[in-house]
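In what follows, every chain begins at residue 1, and chains take the letters A, B, ... in the order their sequences are listed. Values reported hereafter were calculated over all heavy atoms of this structure, with side chains retained and with hydrogens, waters and symmetry mates removed.
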Number of protein chains: 2
Amino acid sequence: MSSSESRERVLDVAEKLFSTYGYATVKLKDIAKALGMRQASLYYHAPGGKEELYLEVMRRNMQRHRQGLEEAIAQADDWQSQLQAVAYWFLSQPPMDFTRMIHSDLRAVHPEHAQHLIHITYEAVLQPIEQIFERCQAAGDIRAVDIKLLTGAFLSLIQAVHSVPQQWTNRSKEEMADEVLDILLHGLTA
Amino acid sequence: MSSSESRERVLDVAEKLFSTYGYATVKLKDIAKALGMRQASLYYHAPGGKEELYLEVMRRNMQRHRQGLEEAIAQADDWQSQLQAVAYWFLSQPPMDFTRMIHSDLRAVHPEHAQHLIHITYEAVLQPIEQIFERCQAAGDIRAVDIKLLTGAFLSLIQAVHSVPQQWTNRSKEEMADEVLDILLHGLTA
DNA sequence: GTCTATATATAGATAGAC
DNA sequence: GTCTATCTATATATAGAC
């Protein structure tokens, strides 16, 4: 295995754990264990320690989201398909809990790093979705609502679907996302 | 100040911190500092230590939610007012992050305690809301959807409003909740 | 690249003075 | 009721063998 491959593997494992359980909950020992190595061995792959590892993980994560969302949106022809494509994209990725990220995880890193992460998160995730809504609001496809609020609501709906324990239902996440999207577009009373 | 009053104050402060930042992120030192005392002094009020304090906080929290939701629902005359009353109730309370609770916080406590907390959370919070939706689905006020999914979606929308930083907007949380509720009921395309 | 051993820092918990 | 001092446990980080 090449050096960059094994590094990717470390980042993959760390990302999954950090995304699922949060910065403070995940110990370096947990990451090492998931990789089948000792805690100290992690420092060969991540000499910067825990905080630096978390930052690299998040930077790579946001980079991937930006790319993935861009492609998902570009390949869909109408705005409703774009929203569905965005939803499916997030379901294919490790869960992203904004609330926990802002309130918990980012408090543990140096303020200037937190600031930067918030910035790239906005550009990678919030902005592409806002732009979908802005376009279809301008085209008259949806009514006048607060776009930032709508974007936050949309994301929290998707992530709620993402974190439904698989045992509570026998439906796929995509099916649930479709149902939630349908409610968002046409309402409960339709 | 009576003994039970000062105990309530400890629980209030601990609840606010645990609810906002999560179990692992909040250190006993943080709670003590917010109370204006030293970390060791906390053990006078919470002899059981951190985990026991967290459990007491959550038990009391769920008890209060059950009561508060019951009253909010009972005082509203139609189902739409009930949903609004439920939303306002949650906005008046410390934020409740189910995702973090299940994925992060509960992993830190003994499994039997975690199990119990999940159970009382379901009874206190999920069940009352499910019942609203079941009633209005039976009455034909809303169309056929997965009630559990809808309940989760509703809650995550409210909490999303709750965790919008106040500086991002000049609108009140209640206004935002009204807008989100309106979208949920009538859809984006209405 | 991974290990053991260990140093250092932090968090949780206890003892006893006041 | 709160304090200081301290113990213990845990987590992060480093050193050096293999």
Side-chain angles (χ1 to χ4, degrees), chain A residues 1-58 100 103-111 113-114, chain B residues 1-58 100 103-111 113-114:
Chain A
M1 187 179 291
S2 81
S3 162
S4 77
E5 272 172 0
S6 75
R7 175 162 183 75
E8 286 300 299
R9 189 161 159 266
V10 171
L11 291 175
D12 284 344
V13 167
E15 176 174 337
K16 188 154 196 180
L17 291 173
F18 280 139
S19 300
T20 307
Y21 304 118
Y23 183 80
T25 304
V26 174
K27 314 302 179 188
L28 291 181
K29 205 175 180 177
D30 301 325
I31 299 173
K33 192 176 182 184
L35 287 163
M37 64 176 67
R38 300 291 191 165
Q39 180 260 144
S41 310
L42 253 186
Y43 281 81
Y44 173 79
H45 304 278
K50 187 181 183 183
E51 178 170 339
E52 183 56 41
L53 174 60
Y54 175 74
L55 292 172
E56 287 174 54
V57 158
M58 294 305 286
R100 195 201 54 217
H103 286 143
S104 312
D105 300 344
L106 291 186
R107 293 183 85 231
V109 308
H110 288 130
H113 291 147
Chain B
M1 188 179 290
S2 83
S3 161
S4 77
E5 271 171 1
S6 75
R7 177 164 182 73
E8 286 301 299
R9 187 160 162 266
V10 170
L11 291 175
D12 284 343
V13 166
E15 176 175 338
K16 187 152 195 180
L17 291 173
F18 281 139
S19 299
T20 307
Y21 305 117
Y23 184 80
T25 304
V26 174
K27 315 302 181 188
L28 291 182
K29 206 174 179 177
D30 302 325
I31 300 175
K33 192 176 182 184
L35 286 162
M37 62 175 70
R38 300 290 192 168
Q39 179 259 145
S41 311
L42 252 187
Y43 281 81
Y44 173 81
H45 303 279
K50 187 181 184 184
E51 178 170 341
E52 184 57 39
L53 175 61
Y54 175 74
L55 292 172
E56 287 175 55
V57 157
M58 293 306 284
R100 195 201 54 217
H103 286 142
S104 312
D105 300 343
L106 291 187
R107 294 184 83 231
V109 308
H110 289 130
H113 290 149

If we only count heavy atoms from C-beta on, is the [X] to [Y] side-chain gap below 4.5 Å?
X      : Y       : value
L35(A) : L42(A)  : yes
L28(B) : Y43(B)  : yes
T25(B) : D105(A) : no

I need the [atom1]-[atom2] distance between [X] and [N], as an integer number of Å.
X      : N       : atom1 : atom2 : result
K27(A) : dT12(D) : NZ    : C1'   : 10 Å
D30(B) : dA11(C) : CG    : P     : 8 Å
L28(A) : dT8(C)  : CG    : P     : 19 Å
Y43(A) : dT6(C)  : OH    : P     : 18 Å
K29(A) : dT10(D) : NZ    : P     : 8 Å

How close do [X] and [Y] get, counting heavy atoms only, and between which atoms?
X       : Y       : result
R9(A)   : A34(A)  : NH2-O, 4.4 Å
E51(B)  : H110(B) : OE2-N, 3.0 Å
H103(B) : T20(A)  : CB-O, 3.4 Å
M37(B)  : S41(B)  : SD-CB, 3.8 Å

TODO: Strictly below 4.0 Å, heavy-atom distances to any atom of DNA chain C: list the hits from residues 44-55 of chain B, or just say none.
DONE: G49(B), K50(B)

TODO: Within residues 32-40 of chain B, find the residues that approach DNA chain C with a heavy atom at under 4.0 Å, and present them sorted by residue number.
DONE: Q39(B), A40(B)

Task: Expected output: side-chain Q39(B) to main-chain K27(B) donor-acceptor under 3.5 Å - done: no

Task: Backbone N/O of A114(A) and side chain of R107(A): donor-acceptor pair under 3.5 Å - done: no

Open item on the list: Tell me which residues in residues 14-25 of chain A lie within less than 4.0 Å of DNA chain D, going by non-hydrogen atoms.
Closed with: none

Open item on the list: A cation-pi test, strictly: NZ or CZ of K50(B) under 6.0 Å from the centre of the six-membered ring of Y23(B) and no more than 45 degrees from its axis. Yes or no?
Closed with: yes

Open item on the list: Between S41(A) and dC3(C), is there a contact of a side-chain N or O with OP1 or OP2 at under 4.0 Å?
Closed with: yes

TODO: Given side chain to side chain contact (heavy atoms under 4.5 Å, CB included), test F18(A) with I31(A) step by step and report yes or no.
DONE: CA-CA 9 Å; F18(A) 280 139; I31(A) 299 173; 3.9 Å; yes

